[in-house]
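A quick write-up on the structure given underneath.
Predicted model, so just to flag it, every value in this text is computed and none were measured.
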Amino acid sequence: MAMPLRQTIKVATYLFEQKLRKREKFPLIVELEPLFACNLKCEGCGKIQHPAGVLKQRMPVAQAVGAVLESGAPMVSIAGGEPLMHPQIDEIVRQLVAKRKYVFLCTNAMLLRKKIEKFTPSPYFAFAVHIDGLRERHDESVAKEGVFDEAVEAIKEAKRRGFRVTTNSTFFNTDTPQTIIEVMNFLNDELKVDEMMISPAYAYEKAPDQDHFLGVEQTRELFKKAFSGGNRLRWRLNHSPLFLDFLEGKVDFPCTAWAIPNYSLFGWQKPCYLMSDGYVPTYRELIEKTDWDAYGRDKDPRCANCMAHCGYEPTAVLATMGSLKQSLRAARETVAGSR
């Protein structure tokens with residue numbers, strides 16, 4: 001776990017404040033989607049399946065920033081679509097950083113070198129580049145040659161300019177422990193990105209390819225083998241130790257999707273960005289008008305194989321903060337990962 005100390009303290013303080021206020025449900029990080037348009041057509045993503053009229057829409061800056069401030073979350077993940085296609089994405093980032101929100105701009109990096117001059121390095125900001133394998137495997141996953149090489153060059157350029165760079169890697173049932181180890185070693189040891197996030201491929205219901213999502217047992221076996229030999233501690237993973245335990249099947253958790261809510265052009269999405277059971281205009285309505293007890297692997301068949309971080313990472317974080325033993329463990333692994 002390699003979250004910077006300043007960010008760790010802010011998140012821990014925020015969680016303590018929620019406990020003092022006796023709030024049962026609150027956002028940890030907002031998934032903000034200011035557009036659905038993208039310059040790639042990944043088989044595992046369904047965002048560009050929206051009608052052409054929707055794909056042309058861009059969320060106004062005030063609306064995007066206002067939604068994050070309304071929620072009160074300390075962190076924001078700006079996704080899409082491809083957020084660098086938004087003409088005012090730099091202004092959205094600037095205003096959120098000015099409010100001292102930790103902002104992760106998720107990108108396939110195809111436009112990063114072209115747009116990088118619009119951004120300023122800050123401890124509150126990071127580019128989060130999608131890397132789903134080494135060259136052949138990544139380009140296959142995004143259905144376009146040359147994307148991996150461009151992403152690598154963009155990461156190097158961003159690092160050279162002083163930006164924090166993280167990566168997000170999604171793995172499918174076509175992956176093996178070795179393919180995971182290879183790409184994580186590359187990101188950790190050769191590119192030396194600041195932090196890495198991993199996720200089993202989630203059953204996104206609008207994705208064109210529905211055949212390669214991982215089942216629960218497949219996920220556990222895959223990550224158990226990939227993490228062996230000390231890789232968990234060696235890699236700079238941006239996850240709590242308990243979430244990594246969860247991926248390996250050492251512990252199980254209920255879903256807490258309310259802690260990573262999604263806000264898009266349609267409003268706050270119920271119950272999470274992987275499923276669409278309606279939208280509401282405010283975060284409060286999302287919390288109060290969603291039957292959260294109806295969702296989870298043992299409750300809704302659509303959730304049967306989901307082990308995505310949007311549902312289970314916040315549960316692991318809350319479990320960590322509620323246990324002195326786990327908090328100390330997380331602190332030790334943070335120190336080990338920063339070496």
Side-chain angles (χ1 to χ4, degrees), residues 1 28-29 31 42-46 77 79 104 106 128 130-133 141 166-181 183-184 195-207 209-228 231-232 235 237-262 269-277 292-320 326 330 333:
M1 182 179 174
L28 188 61
I29 181 170
E31 293 273 1
C42 305
E43 289 295 309
C45 174
S77 175
F104 298 85
C106 302
H130 293 273
I131 299 289
D132 292 339
S141 74
T166 70
T167 54
N168 190 356
S169 302
T170 302
F171 299 108
F172 296 80
N173 63 14
T174 50
D175 278 293
T176 67
Q178 188 58 34
T179 63
I180 294 176
I181 290 170
V183 68
M184 300 308 286
E195 299 168 359
M196 299 174 290
M197 180 176 286
I198 56 177
S199 181
Y202 31 76
Y204 188 69
E205 59 186 2
K206 292 183 179 180
D209 181 3
Q210 293 288 324
D211 297 328
H212 295 112
F213 294 122
L214 286 160
V216 171
E217 291 307 316
Q218 286 178 301
T219 296
R220 291 170 175 168
E221 189 66 20
L222 185 64
F223 286 104
K224 184 185 300 182
K225 291 179 179 178
F227 289 157
S228 65
N231 286 330
R232 264 184 61 165
W235 293 334
L237 298 173
N238 185 20
H239 294 289
S240 64
L242 280 179
F243 179 72
L244 299 178
D245 285 351
F246 169 76
L247 290 182
E248 288 192 60
K250 294 179 178 179
V251 64
D252 203 8
F253 291 122
C255 174
T256 50
W258 45 262
I260 306 186
N262 173 272
Q269 185 170 327
K270 300 167 60 177
C272 66
Y273 80 101
L274 301 177
M275 297 192 295
S276 181
D277 285 357
W292 298 104
D293 292 334
Y295 298 100
R297 289 206 308 275
D298 58 343
K299 299 173 182 177
D300 189 313
R302 295 173 297 176
C303 306
N305 289 314
C306 181
M307 295 182 71
H309 62 86
C310 65
Y312 297 97
E313 179 77 83
T315 324
V317 170
L318 294 172
T320 298
Q326 292 299 332
E333 294 198 14

Could you tell me which residues satisfy side-chain hydrogen bond (donor to acceptor under 3.5 Å, both in side chains) with N231, sequence neighbours excluded, listed by chain and number? R234
Side-chain contact, heavy-atom cut-off 4.5 Å: I260 with C272? no
From M307 CE over to Q218 CD, what is the distance, rounded to the nearest 0.5 angstrom? 11.5 Å
Can any side-chain N or O of T315 pair as donor or acceptor with the backbone N or O of P254 at less than 3.5 Å? yes
Testing the basics here: between C303 and R297, what is the closest heavy-atom pair and its distance to 0.1 Å? O-CG, 3.0 Å
Start with the C-alpha gap between D252 and R220, add the side-chain angles, then the distance that decides, and say whether side-chain contact (heavy atoms from CB on, under 4.5 Å) holds. CA-CA 11 Å; D252 203 8; R220 291 170 175 168; 4.0 Å; yes
Show the nearest heavy-atom pair for residues P200 and L247, with the distance to one decimal. CD-CD2, 3.8 Å
Rounded distance [0.5 Å steps], CD in Q269 versus CE in M275: 9.5 Å
Ignoring hydrogens and angles, tell me if any N or O in the side chain of H239 forms a donor-acceptor pair with the backbone of I198 under 3.5 Å. yes
What's the verdict on side-chain contact (heavy atoms from CB on, under 4.5 Å) for T166 and M197, showing C-alpha distance, side-chain angles and the deciding distance? CA-CA 8 Å; T166 70; M197 180 176 286; over 6 Å; no
Would you say the side chain of Y295 lies within less than 4.5 Å of the side chain of P271, judging by non-hydrogen atoms? yes
Taking all atoms of both residues into account, what is the closest heavy-atom pair of F172 and L222, and its distance? O-CD2, 4.4 Å
For T167, side chain to side chain contact (heavy atoms under 4.5 Å, CB included) partners two or more places apart: I131, I155, L187, V193, M196
Check the angle between the aromatic planes of Y312 and F246 and answer parallel, tilted or perpendicular using the 30° and 60° thresholds. parallel
Does the side-chain contact (heavy atoms from CB on, under 4.5 Å) test come out yes or no for I180 and K225, once each step is laid out? CA-CA 10 Å; I180 294 176; K225 291 179 179 178; over 6 Å; no
Scanning both residues in full, the closest heavy-atom pair of L274 with C306 reads CD1-SG, 4.0 Å
Within the 4.5 Å heavy-atom criterion, are T320 and F243 side-chain neighbours or not? no
Can you sort out the partners of S228 under side chain to side chain contact (heavy atoms under 4.5 Å, CB included), two or more places apart, ordered by chain and number? none
Would you compute the distance between atom CG of L28 and atom CD of E313 and round it to the nearest 0.5 angstrom? 8.5 Å
Any heavy-atom pair between the side chains of P241 and R232 that's under 4.5 Å? yes
Could you pull out the closest heavy-atom pair between N168 and D132, with the gap in Å? O-OD1, 3.8 Å
Rounded to the nearest 0.5 Å, what separates atom CZ in F227 from atom NZ in K250? 9.5 Å
Would I181 and W235 satisfy side-chain contact (heavy atoms from CB on, under 4.5 Å), going step by step from the backbone distance to the final call? CA-CA 10 Å; I181 290 170; W235 293 334; 4.1 Å; yes
Which pair of heavy atoms, one from F253 and one from V251, lies closest together, and at what distance? CE1-CG1, 3.8 Å
Distance in Å, T219 OG1 paired with F171 CZ, rounded so as to fall on 0.5 Å steps: 11.5 Å
Interatomic distance, NZ@K270 vs CG@D277, rounded to 0.5 Å, equals 7.5 Å
